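First the structure, in the form of structure tokens, and then the observations on it.
Small disclaimer: the values here were computed from a predicted structure and weren't measured. Protein chains get the first letters and strands the later ones, always in sequence-line order, with residue 1 at the start of each.
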Protein chains: 2
Amino acid sequence: MRSSLIESAARRRLLAGGASALAAAGLGRAALAAEQKAAPAAAAPPAPASAAKPLPAYAAWKQPDAMIVHSANTIETRREAFGSGVVTPLRQLYVRNNLPPPDESIVADRDAWVIEIAGVAKPMSLSVGQLKSMGLQTLAMVLQCSGNGRGYFPNKPSGTPWQVGAAGCVIWSGLPVSVLVEHCGGLSAAAVYMTGTGGEKLPDGLDPNMVMVERSVPKEAMRDALLAWELNGEPIPLAHGGPLRLIVPGYTGVNSVKYIKRLAFTEKESPAAIQQTGYRLAPPGQKGDPTQPSVWAMGVKSWINTPNPAASTLKAGRVVVQGVAFGGTNGIKQVEVSTDGGKNWRKAELVGPDLGRYAWRQFALPVELAAGEHLLVSRATDTEGRVQDEERPQNSGGYINSSWRDHGVAVVVQA
Amino acid sequence: MRSSLIESAARRRLLAGGASALAAAGLGRAALAAEQKAAPAAAAPPAPASAAKPLPAYAAWKQPDAMIVHSANTIETRREAFGSGVVTPLRQLYVRNNLPPPDESIVADRDAWVIEIAGVAKPMSLSVGQLKSMGLQTLAMVLQCSGNGRGYFPNKPSGTPWQVGAAGCVIWSGLPVSVLVEHCGGLSAAAVYMTGTGGEKLPDGLDPNMVMVERSVPKEAMRDALLAWELNGEPIPLAHGGPLRLIVPGYTGVNSVKYIKRLAFTEKESPAAIQQTGYRLAPPGQKGDPTQPSVWAMGVKSWINTPNPAASTLKAGRVVVQGVAFGGTNGIKQVEVSTDGGKNWRKAELVGPDLGRYAWRQFALPVELAAGEHLLVSRATDTEGRVQDEERPQNSGGYINSSWRDHGVAVVVQA
């Protein structure tokens with residue numbers, strides 16, 4: 001049973017990361033023996049095939065050995081690069097752009113960037129400099145791509161095969177949207193959605209609705225939303241949406257619109273394809289359409305980062321199992337860890353500062369691991385009692401995979 | 001009165017940062033008019049004379065324009081570089097080494113670094129790899145050099161003339177010292193102090209006691225102390241004490257011994273000069289000696305980072321005054337802000353996540369500033385009701401300056 005669990009996990013990783021990921025995931029016995037012959041224990045973990053791709057110029061400042069470059073607009077944090085410091089360093093934070101980012105020139109004079117506010121009693125345009133004079137709030141939150149975990153779907157949905165690393169816990173500073181709305185005399189009576197429009201340059205000759213990044217979320221999501229100009233204490237890098245980004249805490253990353261140039265409180269959802277048909281929970285085999293749920297709030301999720309076969313060789317004995325857990329719009333109540341693929345569970349300790357309901361918590365549990373194979377899994381429960389799902393949500397886009405089983409770490413412990 | 005306050009503040013900065021700092025500090029009217037003629041408002045703020053010094057190789061990864069390089073072992077964060085993200089990014093964090101750091105080779109195999117534990121029932125040596133298997137805790141805290149603010153002492157004590165930037169709020173991960181002590185069977189009966197010894201290579205031909213970095217703190221300081229291997233989620237850089245650093249939260253930086261190779265619970269304080277005569281609160285004009293108080297726990301302190309004349313030109317109107325406040329071993333209860341040099345005070349809002357008692361809090365207060373000169377000051381109160389001092393503590397070493405008056409920001413607002 002244990003062996004088959006591990007082989008299943010290894011297969012999932014094979015699907016996720018190509019052949020070279022098999023070694024990192026922990027192998028069945030036979031394959032492992034072969035690998036041990038070929039590569040001594042002290043050798044560096046094998047790099048996924050995608051490691052060869054260079055970082056794009058706008059993200060050249062990222063830490064190369066911490067990242068998996070899927071493409072110029074999709075760059076993932078390696079699972080073994082996640083530390084235990086709660087806040088993800090910027091040079092390790094994933095990047096996902098739906099369009100190529102605007103020219104660097106837009107961050108030359110950050111305070112001059114202008115945003116249009118509509119769907120309020122007093123519509124107006126404001127510069128970042130003006131926003132800065134109106135107030136300040138700072139918020140820690142998990143930024144996670146809607147497709148994080150897509151790589152564990154066995155049917156290979158189209159889109160980037162992210163594993164765990166299209167996520168990070170970061171700190172944003174900016175003006176609360178609620179303060180802005182009050183400044184603008186309140187919402188218009190018809191407002192149902194908060195709709196943000198990105199400032200990317202659109203390709204010529206195409207219907208803007210087909211390509212523009214414009215997302216709508218329920219207006220209630222404005223409660224803790226920010227118009228942010230700082231990320232982890234620095235002006236927001238272009239790669240992450242600077243000079244100004246809409247931050248919708250608890251929602252997946254696509255809803256936090258980068259380079260935001262318009263914030264409108266609207267009666268209807270955006271007509272853009274990215275809203276109407278993209279980021280929809282379509283049944284397997286079907287295309288997205290507006291009748292299906294939109295990918296908005298995140299679910300309860302956790303995963304283990306250490307031990308990690310990609311980072312070190314494990315010897316029998318005591319090891320501290322550690323990872324991260326978050327509840328989307330809720331804080332975390334508890335995390336359980338199993339070293340036998342989910343048959344027996346023990347409660348882990350939540351360690352480190354609690355950065356608020358939208359942040360992730362770090363968990364740790366010292367365990368004794370005997371020689372052999374183990375499938376380590378974690379399962380989080382949020383403050384409202386919602387428990388992390390065992391299975392991935394079947395949907396054609398491979399969105400919001402929170403399955404604790406998919407996110408297990410298969411390790412082979414040596415005597 | 002206002003004018004003289006500002007001129008006094010400008011003079012202090014002149015003493016602190018050399019002639020070019022005068023412009024950044026805000027000038028008297030006459031001097032300002034002359035400067036405005038010479039340099040248009042859009043020009044970059046003048047760089048202090050020390051900006052010309054390059055970053056040393058072991059800290060070459062720091063952000064050059066965020067740092068003031070006083071010397072190869074004393075590198076300060078510019079006040080205008082501090083963001084509002086609570087946690088100080090590593091590339092902006094100050095560096096202070098009492099000796100040149102060890103060779104980079106000591107971080108090549110971090111888990112192999114060994115620390116000796118003494119003054120416990122079962123003395124032993126443990127590798128970082130072993131420490132990692134024993135537990136994990138994560139802690140946010142203000143790391144501040146004992147001499148931060150020395151630059152505001154008018155009598156120029158010997159030592160680096162730090163202004164506000166020999167401080168940062170960072171996140172450490174490691175093993176609680178209390179867990180280690182339990183593992184070692186508890187403290188020896190004679191233990192009064194916790195004494196940490198740094199792993200720097202000592203110069204040949206000198207009495208080790210004259211040069212070694214070995215600091216003792218009361219054993220009670222072990223309560224929340226860590227042996228840390230991660231800083232802000234990354235392996236601790238050599239510049240900041242990796243592979244292993246003793247972290248004594250609430251105490252000044254020198255007490256958190258870098259490259260720690262020995263942790264001993266001792267009956268007496270270390271015989272090293274850095275303990276016996278260094279870091280003592282000696283009366284002005286006197287040398288340090290063991291009868292004087294040692295520089296240990298930090299006091300209540302705050303300062304304003306924005307607005308900052310070095311970063312921008314101010315126009316009359318509304319501006320958000322923001323800064324940081326911390327209480328050493330206590331959390332912060334409130335921060336007050338004055339725009340008239342301390343005559344009238346208003347309570348600021350504490351914003352952003354609370355990272356615990358040892359971290360700093362960010363504060364913000366929107367104010368209206370008329371054209372003219374203003375001296376902006378902040379004053380913090382900790383959770384036990386201790387109020388930040390108005391005046392600096394007179395001592396020959398220029399240590400632990402928490403004076404709210406010294407840390408004021410003089411601004412000239414244009415119509």
Side-chain angles (χ1 to χ4, degrees), chain A residues 61 63 66 81-92 111 129-130 132-141 168-176 179 229-235 306-307 312 315 317-322 349 351-356 358-359 362-366 368, chain B residues 61 63 66 81-92 111 129-130 132-141 168-176 179 229-235 306-307 312 315 317-322 349 351-356 358-359 362-366 368:
Chain A
W61 50 273
Q63 183 183 333
F82 281 111
S84 59
V86 190
V87 178
T88 307
L90 286 196
R91 65 197 199 112
Q92 299 182 350
D111 285 2
Q130 287 173 301
K132 284 181 179 174
S133 75
M134 293 166 60
L136 176 72
Q137 189 49 276
T138 296
L139 179 94
M141 77 166 213
C169 183
V170 293
I171 297 178
W172 301 98
S173 300
L175 182 71
V179 171
W229 50 79
E230 264 188 39
L231 170 56
N232 284 6
E234 302 191 53
T306 302
S312 60
K315 292 218 163 194
R318 186 170 147 134
V319 63
V320 177
V321 175
Q322 59 179 100
E349 194 185 352
V351 299
D354 180 350
L355 274 56
Y358 302 113
Q362 179 182 236
F363 64 86
L365 180 71
E368 296 283 339
Chain B
W61 50 272
Q63 183 183 332
F82 281 112
S84 58
V86 190
V87 178
T88 307
L90 286 196
R91 64 196 199 112
Q92 299 182 350
D111 284 1
Q130 288 173 301
K132 285 181 178 174
S133 75
M134 293 167 61
L136 176 72
Q137 189 48 275
T138 296
L139 180 92
M141 78 167 211
C169 184
V170 293
I171 297 179
W172 302 98
S173 300
L175 182 71
V179 171
W229 50 78
E230 263 188 38
L231 170 55
N232 284 7
E234 303 190 52
T306 302
S312 59
K315 292 219 163 192
R318 188 170 147 135
V319 63
V320 177
V321 175
Q322 60 179 100
E349 193 186 352
V351 298
D354 181 350
L355 274 58
Y358 302 113
Q362 178 183 237
F363 64 85
L365 179 70
E368 296 283 339

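- Note on B/Gly233, B/Gly317, B/Pro235: by heavy-atom pairs under 4.5 Å with chain A, the leading option is B/Gly233.
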Q) What's the verdict on side chain to side chain contact (heavy atoms under 4.5 Å, CB included) for A/Arg91 and B/Arg91, showing C-alpha distance, side-chain angles and the deciding distance? A) CA-CA 10 Å; A/Arg91 65 197 199 112; B/Arg91 64 196 199 112; over 6 Å; no

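- Heavy-atom pairs under 4.5 Å with chain B were tallied for A/Glu349, A/Gln322, A/Glu234; the largest tally goes to A/Glu234.
- A/Val320 and B/Lys132 get closest at one heavy-atom pair: CG2-O, 3.2 Å.
- There is no contact between B/Val170 and chain A, counting heavy-atom distances below 4.5 Å.
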Q: Given side chain to side chain contact (heavy atoms under 4.5 Å, CB included), test A/Gln362 with B/Leu136 step by step and report yes or no.
A: CA-CA 10 Å; A/Gln362 179 182 236; B/Leu136 176 72; 3.9 Å; yes

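- For chain A, the nearby part of B/Gln92 is the side chain; its heavy atoms alone come within less than 4.5 Å.
- Heavy atoms only, all atoms of each residue included: A/Pro89 and B/Asn232 are closest at CG-O, 3.4 Å.
- Among A/Leu139, A/Val86, A/Val351, the residue with the largest count of heavy-atom pairs under 4.5 Å with chain B is A/Val351.
- Only the backbone of B/Asp354 comes within less than 4.5 Å of a heavy atom in chain A; its side chain stays farther off.
- Between chain B and the residues A/Met134, A/Arg318, A/Gln130, the most heavy-atom pairs under 4.5 angstrom are made by A/Arg318.
- Side-chain atoms of B/Thr138 come within 3.5 Å of backbone atoms of A/Ser84 as a donor-acceptor pair (strictly under, hydrogens ignored).
- Across A/Ala140 and B/Pro353, no two heavy atoms sit closer than the pair CB-CG, 4.4 Å.
- By the ring pair (Phe, Tyr, Trp, His ring centres under 6.0 Å) test, B/Phe363 pairs with no residue at all, sequence neighbours left out.
- Annotation: maximal heavy-atom pairing with chain A below 4.5 Å, among B/Leu365, B/Val319, B/Leu355, occurs at B/Leu355.
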